[in-house]
Amino acid sequence: TKINDLPFSVIGSEKFGFYVPAFTGSYKEIEIIDHKKMGYHMLMVGKVVNEKRIKPGSSPLYHVGFLQLQKSRYKNIEGLY
């Protein structure tokens, strides 16, 4: 998707200049320091090189991988709300 076609505005990150949605509360920029091919997936190891808080008090949103979720004890989120 072209940046101009996105339904939201973006800002450039401080260190690498990556596009970040303008509604973001905060972001971290990660430098990849190692990687390992694991079949169809790639395990990447990195370190945080820049952290920016844009909106104090905002809640972070995380991506949880399928295999990580499989071994967790989380119940189905249906019914929590």
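Hydrogens, waters and symmetry mates play no part in the numbers below; they use all other heavy atoms, side chains included.
Crowding of Met42 atom CE: a count of heavy atoms from other residues, nucleotides or ligands under 6.0 Å exceeding 12.
Chaining together hydrophobic side chains whose heavy atoms lie under 4.5 Å apart places Ile54 alongside Ile11, Val20, Tyr27. Apart from Tyr19 itself, the hydrophobic cluster it occupies contains Ile3, Leu6, Phe8, Val10, Phe23, where clustering links Ile, Leu, Val, Met, Phe, Trp and Tyr at side-chain heavy-atom distances under 4.5 Å. Grouping Ile, Leu, Val, Met, Phe, Trp and Tyr residues whose side-chain heavy atoms lie under 4.5 Å apart, directly or via other members, places Phe16 in a hydrophobic cluster with Phe18, Val49.
With sequence neighbours excluded, no residue forms a side chain to side chain contact (heavy atoms under 4.5 Å, CB included) with Asn4. In this view, Lys15 satisfies the salt bridge (charged side-chain N to carboxylate O under 4.0 Å, His left out) rule with no residue, not counting sequence neighbours.
Applying the salt bridge (charged side-chain N to carboxylate O under 4.0 Å, His left out) test to pairs two or more places apart or on separate chains, none has a residue in residues 29-49.
To the nearest 0.5 angstrom, Leu43 atom CG is 10.0 Å from His35 atom NE2.
Shortest non-hydrogen contact noted between Arg53 and Ser58 is NH1-OG, 3.4 Å.
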